[in-house]
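Shown next, in structure tokens, is the structure this report addresses.
Below, chains carry the letters A, B, ... as their sequence lines are ordered, and counting in each starts from 1.
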2 protein chains.
Amino acid sequence: MKTSKQSILRLFQYRDFLIRLKNINTVNVFSDNLAKDIGTTSIQVRKDFSLFRLSGNKKAGYKVSNLLKQLDELLGKNKKQKVVIVGAGNIGKALMQYDGFYKEGLEIAALFDYDRRKYNHKNNPPVLPIEDLFKFVSSNNVKIGIIAVPCKAAQQVLDLMISAGIKGAMNFAPIPLKSPKNFYINNINLRVELESVVYYTQM
Amino acid sequence: MKTSKQSILRLFQYRDFLIRLKNINTVNVFSDNLAKDIGTTSIQVRKDFSLFRLSGNKKAGYKVSNLLKQLDELLGKNKKQKVVIVGAGNIGKALMQYDGFYKEGLEIAALFDYDRRKYNHKNNPPVLPIEDLFKFVSSNNVKIGIIAVPCKAAQQVLDLMISAGIKGAMNFAPIPLKSPKNFYINNINLRVELESVVYYTQM
DNA sequence: ATACTTTTGTGATTTTTTTCACATAAAAAA
DNA sequence: TTTTTTATGTGAAAAAAATCACAAAAGTAT
Ligand SMILES: NC(=O)c1ccc[n+]([C@@H]2O[C@H](COP(=O)([O-])OP(=O)(O)OC[C@H]3O[C@@H](n4cnc5c(N)ncnc54)[C@H](O)[C@@H]3O)[C@@H](O)[C@H]2O)c1
Ligand SMILES: NC(=O)c1ccc[n+]([C@@H]2O[C@H](COP(=O)([O-])OP(=O)(O)OC[C@H]3O[C@@H](n4cnc5c(N)ncnc54)[C@H](O)[C@@H]3O)[C@@H](O)[C@H]2O)c1
């Protein structure tokens, strides 16, 4: 494929590093620096760039700000994105309080829960009743959702998101969810990630 | 490769489904059921099993309890694992309160922080001073760690873990960490995961 | 008992991803 | 200026992963 899934993930990582470089006023960077940072090879870096027609200068590497601009364009980082979280529990609240999203144009617009004890209309972002999700999502044109509810509620929450017009979701519930083909879902299974650490540690 | 990385991750997912099946007293399962559940094909399932010499019965599929037993063995799920978390902040506390780990033999033995306001010796698991990590890890024979501290502290925390005898870690800090080759590190970058949802949603 | 159907198991094939090999350009040195 | 050194860029090759194609077994129907 021209645009491989793996490459895209790496492009986001290169971008991260470039932002750090920019913050310390670094002007130039080599494929080798990028490779070291994300833990791959310079060949892989250049191949990724080649795939997306990102080019630098022979012998002189890449201009940080220029490359960053091109990556922003490519990865759609020029427009801000509103995100809603359903489930104001442990994970939902942790994500809500994380400032790293906002910095990257990801605005947690609101959380939703069905437990009235979690409601907090004055908080920023507010924690609202799940009944308000449909209206909120459609009137605020939200396209991205995060599912942070227990397994048994996950499918119904996803269905609600889809009906409200959300187009993609990150799901923390460790259960497979059904969604239409034009909906993108990214399942995060932290337990399996930890279990795999145990596995590879024992090898 | 005989034991592919992708296959291993899927084996953990198959195992999850099998546990759910066992809980509802299902005796038999077909490769197709397993495939549907984790979102792959039956061919992939059988190929994964073939790779690890897991076999079933023609026409009759697999015995849930038998397959589960073999997977437990293969994935090293027969012995419990102690895990320590460094950083008792948003992520650290969310993981601490998650009961899904303990159920799968992953015991959060303790959390560590450098902020004395976080300490809680009486909690289960306790939140202890970072200075106690070395002793705790070596005397409790802990092999797995979770890094849930800010970026700027992540490398020093990892170094401390390694010196204390930890062999593998799950890292939430979105920064590359240096570790020896015999140390396994699984980097979880939730922002990139969310950004990729945005990317694919816009395609 | 025989034919039919369904499902596993795996070698062969295809696709995807990574790595190699080297041409090419530009800066630095001679 | 000419040579040398050091990067990039990309087709070709290799490796890894997924899919195909079909044989073989075992259950069900006739
Ligand atoms: N906490 C962790 O570290 C962790 C780790 C791995 C996976 N997960 C998964 O992430 C998900 C959330 O975990 P958590 O620890 O935050 O759970 P939690 O119990 O702390 O929070 C869940 C929240 O969802 C709300 N909720 C339940 N049903 C709802 C519904 N139908 N509509 C709206 N809100 C509803 C609850 O009121 C609660 O506030 C779970 O599926 C869990 O398996 C969590
Ligand atoms: N919260 C999220 O949703 C989220 C999302 C993506 C990534 N992350 C990453 O996960 C990590 C933790 O995030 P968080 O939101 O839990 O942060 P946090 O600030 O809530 O918690 C960090 C904790 O680490 C402790 N700490 C700091 N330096 C330490 C040190 N040297 N030794 C021991 N303890 C130390 C602090 O006292 C604090 O309790 C960060 O690297 C963050 O970038 C978090």
Within 45° cone and under 6.0 Å: A/Lys59 NZ/CZ vs A/Phe30 ring
no
Tell me which residues in residues 56-75 of chain B lie within less than 4.0 Å of DNA chain D, going by non-hydrogen atoms.
B/Lys58, B/Lys59
So, A/Asp115 side chain and A/Arg117 main chain: donor-acceptor pair closer than 3.5 Å or not?
yes
Go through C/dT19, C/dT10, D/dG9 for me and flag the one nearest to the A/Lys47 side chain.
C/dT19
When rounded to whole Å, the CG to C1' distance for the pair A/Leu9 and C/dT18 reads 16 Å
Remember a base hit wins even if backbone is also touched, and classify B/Ser55 as base, sugar-phosphate or nothing at under 4.0 Å, heavy atoms.
sugar-phosphate
Rounded to whole Å, the CD-P distance (B/Gln44 to C/dT7) equals 19 Å
Is there side-chain contact between B/Ile19 and B/Glu104, with heavy atoms separated by less than 4.5 Å?
yes
Tell me the interatomic distance from B/Asn33, atom CG, to C/dT7, atom C1', rounded to whole angstroms.
11 Å
Quick check on DNA chain C: between A/Asp48 and B/Ser31, whose nearest nucleotide comes earlier from the 5' end?
B/Ser31
Any heavy-atom pair between the side chains of B/Ser179 and B/Leu158 that's under 4.5 Å?
yes
Atom-pair distance (CZ on A/Arg46; C1' on C/dT18), nearest Å:
13 Å
Full working for side chain to side chain contact (heavy atoms under 4.5 Å, CB included) between B/Tyr114 and B/Val149
CA-CA 10 Å; B/Tyr114 76 160; B/Val149 295; over 6 Å; no
Donor + acceptor pair across side chains of B/Asn141, B/Lys143 (<3.5 Å):
yes
Given atom CZ of B/Phe30 and atom P of C/dT5, what is their separation to the nearest angstrom?
17 Å
Can you measure B/Arg10 atom CZ to D/dT19 atom P for me and round it to whole angstrom units?
9 Å
When you match A/Ile43 and B/Leu54 each to their closest nucleotide on DNA chain C, which lands nearer the 5' end?
B/Leu54
Check the distance between D/dA16's P and B/Lys5's NZ and give it to me in whole angstrom.
12 Å
Compute the ring centroids of A/Tyr184 and B/Tyr199, then answer whether they are less than 6.0 Å apart.
no
Rounded to whole angstrom units, what separation is found between the CG atom of B/Leu51 and the P atom of D/dA18?
10 Å
